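Numbering of ligands and ligand atoms starts at 1, following listing order. Note: hydrogens, waters and symmetry copies are ignored here, and every other heavy atom, side chains too, is used. Model, not experiment: these values are computed from the prediction.
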Amino acid sequence: MSKNPDEDTTAVLLHERRIFPPDPTIRATTRIKDWDAELRAGDDIETYWAEKARAFTWFHRWTTVLDTSDAPFYRWFVDGTTNLTYNAVDRHLTTRPDHVALRYTNEQGAERAVTYAELAHEVNRTANALIALGIRKGDRVAMYLPPCIEAVACMLACAKIGAVHGLVYAGFSTRALAERIRDADAKLLITADGTFRRGKTIDLLGVATEAVRECPSVETTVVIAHVQDPEEGHTNQNVVSYHDLIAQADARCEPEMMDAEDVLFILYTSGSTGKPKGVVHTTGGYMVATATTLQDVFDINDHDVWWCTADLGWITGHSYSVYAPLLLGTTSIIYEGAPDYPQPDALWRVVERDKVTKFYTAPTTIRHLMRFGETWPQRCDLSSLKILGTVGEPINPEAWIWYYEHIGRLHCPIMDTWWQTETGCFMISPLPISPLKPGSATKPLPGIVAEVMDVEGRHVPPGRGGLLVIKRPWPSMLRTLYNNPERYKKTYWEQIPGGVYVSGDIARMDEDGYFWIQGRADDVLKIAGHRIGTSEIESAFVSHHAVSEAAVIGKPDPIKGEIVKAFVILRGGYEGTPELTEALKKHVRHELGPIAVIGDIVYTATLPKTRSGKIMRRVLKARELGIDVGDVSTLIET
Ligand code: PRX
């Protein structure tokens with residue numbers, strides 16, 4: 001690693017000055033200049049969000065901003081009708097038809113840019129193709145796709161005609177894909193022939209074809225020729241070619257009148273129990289809150305080139321690669337590939353080439369790239385960057401400082417945004433003019449009311465840990481869990497008294513009112529920023545013939561945040577050999593997909609359990625970390 005010319009500054013940053021005041025140039029140029037005043041503007045949440053909603057086109061204006069009569073089934077912008085795609089694409093055709101909407105790039109260096117006018121054509125043709133396949137308002141369309149312009153067009157086409165999209169991250173396995181398609185009862189699956197990753201092409205159609213065999217609801221599978229030339233065609237007789245479909249389709253399509261509360265999409269996420277939860281987001285509130293928060297937190301303006309590195313299959317991709325940037329009429333980069341392939345400067349080369357101004361990624365990516373040293377970013381021209389951001393897990397101060405120094409060159413503020421699949425939009429985050437403390441997401445955004453509470457629903461004073469709750473509804477909140485309103489109520493609203501939303505995270509507030517997120521309170525792990533339930537992994541383990549019982553915990557890891565450690569009881573006749581360990585790791589990966597990377601497996605004869613037979617993972621974890629196990633009066637080893 002090269003010697004760093006700013007070493008003295010860094011040492012000071014790391015050890016003494018923990019508050020980073022806003023950069024003077026940022027203060028001079030951003031739209032919002034006074035953090036406190038902006039926070040106060042959000043005190044009356046209904047007035048605040050109604051004011052924000054006026055920035056969009058509504059076919060019919062709402063009559064009531066927030067309806068709480070059927071809490072926790074809140075409704076926003078009641079009686080309002082709009083169309084999200086109309087607002088994200090069509091609305092810009094009079095003002096900026098030739099502005100680049102999406103710039104796709106991949107690890108092989110291929111590029112494709114589409115303007116708002118071109119995107120409108122592609123979306124409309126896709127929408128008409130969906131209609132021709134019999135898709136109507138309210139029908140569910142599953143997607144298993146790489147990040148690409150066609151994937152965005154398919155999402156927007158659904159929103160245009162009122163179909164409900166359900167993306168499944170292309171790293172999930174056949175089983176996970178099939179489970180999600182079945183739960184959503186999807187009529188159509190859109191997939192691709194493959195995706196690029198580290199110089200290889202990964203077959204998606206094969207996984208999709210296998211999954212569809214177990215999904216009777218799917219009437220048609222559409223395939224996008226992504227890694228192959230569309231002209232070469234494909235050999236699978238049971239699928240329809242996306243390019244053929246849209247070639248014949250009309251490029252005009254009227255937007256469907258969507259009620260503000262009509263469902264926009266379902267996105268599955270892991271919870272404490274085995275079955276993934278289908279998080280339901282609706283139209284009007286999601287539109288208003290995602291666009292508002294992106295605009296304020298990253299100070300988006302007409303000249304920005306915005307890059308959120310998340311895959312489209314996660315909420316971050318939905319909200320901040322697709323909907324919010326397009327609603328704001330900006331340019332959004334869609335990237336397909338690994339961050340260190342072909343070289344560890346892959347991301348910085350794109351920043352340099354496309355003059356990215358605002359860059360948003362996960363702490364795990366930063367920690368991974370730190371390993372290769374700062375000479376990689378130093379060789380690139382990163383001077384276009386103005387604001388940086390992170391999401392997905394707490395960022396450790398070392399990674400924060402590295403990002404600040406080597407990517408932001410000591411003058412780009414870092415927006416540490418805390419939010420969830422369920423919240424739809426950023427909830428706790430600084431604004432560019434906020435004084436920053438590395439590792440803290442700072443304060444709830446205007447219009448968001450958060451607090452730390454104990455299990456009795458009492459306020460926890462500053463300095464002490466407790467449950468992070470949201471006290472008032474917000475427009476882009478999940479509305480329910482698909483087909484499971486009871487689980488929605490139980491998981492989020494009935495954990496503690498007081499009718500507050502329980503996020504599942506543990507947090508602490510400091511004396512300045514800054515929030516410090518400490519991780520999950522439930523049995524959900526965060527592996528490289530991806531959310532995965534312990535019980536999902538455990539059931540994958542026990543589906544192997546050698547395994548009788550399994551318990552998994554997250555173990556801190558310097559790069560991935562957490563890695564999975566598994567404690568396994570074998571069936572009689574099996575031995576915990578290195579071969580079996582490898583076979584189990586492979587098996588779990590096959591069951592759940594590549595995100596389920598297992599770190600260690602230990603074989604054991606017993607597991608700590610409660611008298612009712614529930615595995616006490618916290619005991620395993622405490623033992624692993626060598627910390628006090630706490631109250632174990634109900635513990636038995638069996
Ligand atoms: O534990 C929190 C963590 O990620 C969880 C939500 O995961 P998911 O629904 O997959 O959405 C991730 C992208 C929005 C939260 O409950 N988390 C997210 N952002 C942060 C965070 N933890 C600390 N700091 C953050 N900025």
Problem - V500 side chain near M453 side chain, heavy-atom distance below 4.5 Å - result: yes
Problem - Neighbouring residues of ligand 1, heavy-atom cut-off under 4.0 Å - result: I315, T316, V391, G392, E393, P394, D416, T417, W418, W419, Q420, T421, D505, I517, R520, K526, R531
Handout entry: Donor + acceptor pair across side chains of W474, Y501 (<3.5 Å)
Key = no
Problem - T85 side chain near L156 side chain, heavy-atom distance below 4.5 Å - result: yes
Problem - Pair E398 + R371: basic N to acidic O under 4.0 Å - result: no
Handout entry: D512/K437 salt bridge by N-O under 4.0 Å criterion
Key = yes
Handout entry: Aromatic ring proximity W306/Y360, centre distance under 6.0 Å
Key = yes
